[in-house]
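Working notes for the structure below.
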Amino acid sequence: VGPYVLVTPNETRRKQLRQSKLSFAKKELDDLEQWKKEHRPGPITLVPQRLGGNESEAQVRQNQQMILMQSKYQKKHKREEYVKAKKAAEEAEILKKKAIQREKAERLEVKKRQEEMQRREMLLEDQKYKTNEFLNRLDVGLPKSDSCQIANPGPESTAWKRSHAYKQALREDENRRLEEMRQEQRSKAELLEFKQKQEEETRTRALKNEQRRVNNAFLDRLQNKTQPNNIYHPGYTG
């Protein structure tokens, strides 16, 4: 560190500088106050005129009361419309869920009927197979058809004819039952399809009616808002 010189502060000079700064600040404040006094706005003079319009105070109070009552009615009407729309949406959602569950139940019922039909057909086929097997075993011990053509048919040919007639009757009965079951299944399918179409039309009609009602309510509210002379009257129910 090199040598340095310590200079003693001059108190007199410091006091003079401080005094000059204070005097300069005081002069600026005085000038500001003088400028404010010179530029102070003068008194305002207005031409006397009549205020308040052409209506009396009682009429104005009555109009204010009617506007307040009308605003309360509009708020109440909006709240009721909101509740109705919410309830309608909930009912539509419930109807939609019910329709879905109904369709699922109907599909399940159709599936069960088809399975029952297949089971019956398999049972009939098995019964037919067993019957044919039994009749075939019965035919083994009987003579052939050409050997039965004799002048005096014996008991063997009579038994073969009975067996053949019985087999033919069984086939006809099985075919008849299968045809009846197919016809019944076809009728049930047609009835189910007709019922589904009716329910779909009913559901679509209900949804359209509900949508039309909501739209009409919305248009009524919009029309009430756009009417400037719509004044609430006591006892008015919309």
Side-chain angles (χ1 to χ4, degrees), residues 1-101 200-238:
V1 180
Y4 63 92
V5 179
L6 180 62
V7 179
T8 305
N10 192 348
E11 293 295 335
T12 303
R13 180 63 178 169
R14 184 180 293 177
K15 288 181 181 180
Q16 289 177 358
L17 290 173
R18 187 182 296 113
Q19 189 67 28
S20 63
K21 289 180 181 180
L22 291 175
S23 62
F24 182 75
K26 186 174 182 302
K27 183 177 180 303
E28 286 184 348
L29 291 174
D30 293 338
D31 293 341
L32 179 61
E33 291 295 332
Q34 184 65 28
W35 183 86
K36 287 182 179 180
K37 289 180 181 179
E38 290 176 358
H39 294 80
R40 181 179 297 171
I44 299 175
T45 56
L46 296 175
V47 179
Q49 57 183 354
R50 185 176 179 181
L51 303 176
N54 297 325
E55 296 182 355
S56 63
E57 183 179 359
Q59 292 178 351
V60 173
R61 297 292 184 186
Q62 185 178 2
N63 292 335
Q64 290 179 350
Q65 185 68 20
M66 293 175 69
I67 292 172
L68 180 62
M69 295 174 67
Q70 183 180 3
S71 65
K72 289 182 179 179
Y73 171 75
Q74 289 178 353
K75 290 180 180 178
K76 181 180 178 181
H77 184 67
K78 288 181 180 178
R79 186 166 57 252
E80 291 177 353
E81 289 295 330
Y82 172 75
V83 172
K84 289 181 180 179
K86 185 178 180 181
K87 186 177 180 180
E90 291 177 354
E91 290 178 354
E93 187 68 21
I94 291 173
L95 290 176
K96 184 178 179 181
K97 291 181 179 179
K98 286 183 178 179
I100 293 173
Q101 294 296 329
E200 184 67 23
E201 292 177 357
T202 303
R203 183 165 61 254
T204 304
R205 194 180 303 109
L207 289 176
K208 287 184 179 179
N209 293 333
E210 182 62 25
Q211 186 177 5
R212 189 182 298 110
R213 189 188 67 80
V214 174
N215 292 335
N216 292 333
F218 173 75
L219 293 175
D220 292 339
R221 291 198 303 271
L222 187 62
Q223 185 178 5
N224 292 330
K225 288 182 180 178
T226 55
Q227 289 179 356
N229 296 325
N230 187 12
I231 301 176
Y232 172 80
H233 297 283
Y236 178 71
T237 60

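A distance of 9.5 Å separates NZ of Lys98 from CD of Glu91, quoted to the nearest 0.5 Å. Between the NZ atom of Lys21 and the CZ atom of Phe24 there is a distance of 11.5 Å, given to the nearest 0.5 Å. For the atom pair OG1 (Thr12) and CG (Leu17), the distance works out to 11.0 Å, reported to the nearest 0.5 Å. The CD atom of Gln34 lies 8.0 Å from the CG atom of Asp31; values are rounded to the nearest 0.5 Å. Lys76 NZ to Ser71 OG: the interatomic distance, rounded to the nearest 0.5 Å, is 13.5 Å. Between the OG1 atom of Thr202 and the CG atom of Leu95 there is a distance of 11.0 Å, given to the nearest 0.5 Å.
Remark: Glu57 CD is loosely packed, at most 12 non-hydrogen atoms of other residues, nucleotides or ligands lying under 6.0 Å away. By the neighbour-count criterion of 12 heavy atoms within 6.0 Å, atom CD of Glu200 is densely surrounded, having more than that number from other residues, nucleotides or ligands.
Under a 4.0 Å N-O distance rule, the pair Arg14/Glu11 qualifies as a salt bridge.
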- Task: Report the C-alpha separation of Lys36 and Leu32 in whole Å, then their side-chain angles, then the decisive distance to 0.1 Å, and conclude whether the side-chain contact (heavy atoms from CB on, under 4.5 Å) test is met.
- Result: CA-CA 6 Å; Lys36 287 182 179 180; Leu32 179 61; 4.1 Å; yes

Sequence neighbours excluded and cut-off under 3.5 Å, please list the side-chain donor-acceptor pairs for residues 205-213, or say none.
unit_1	atom_1	unit_2	atom_2	d
Asn209	OD1	Arg212	NH1	2.9
Asn209	ND2	Arg205	O	3.1
Glu210	OE2	Arg213	NH2	2.8

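Counting heavy atoms from C-beta outward, Asp30 and Lys26 have side chains that approach closer than 4.5 Å.
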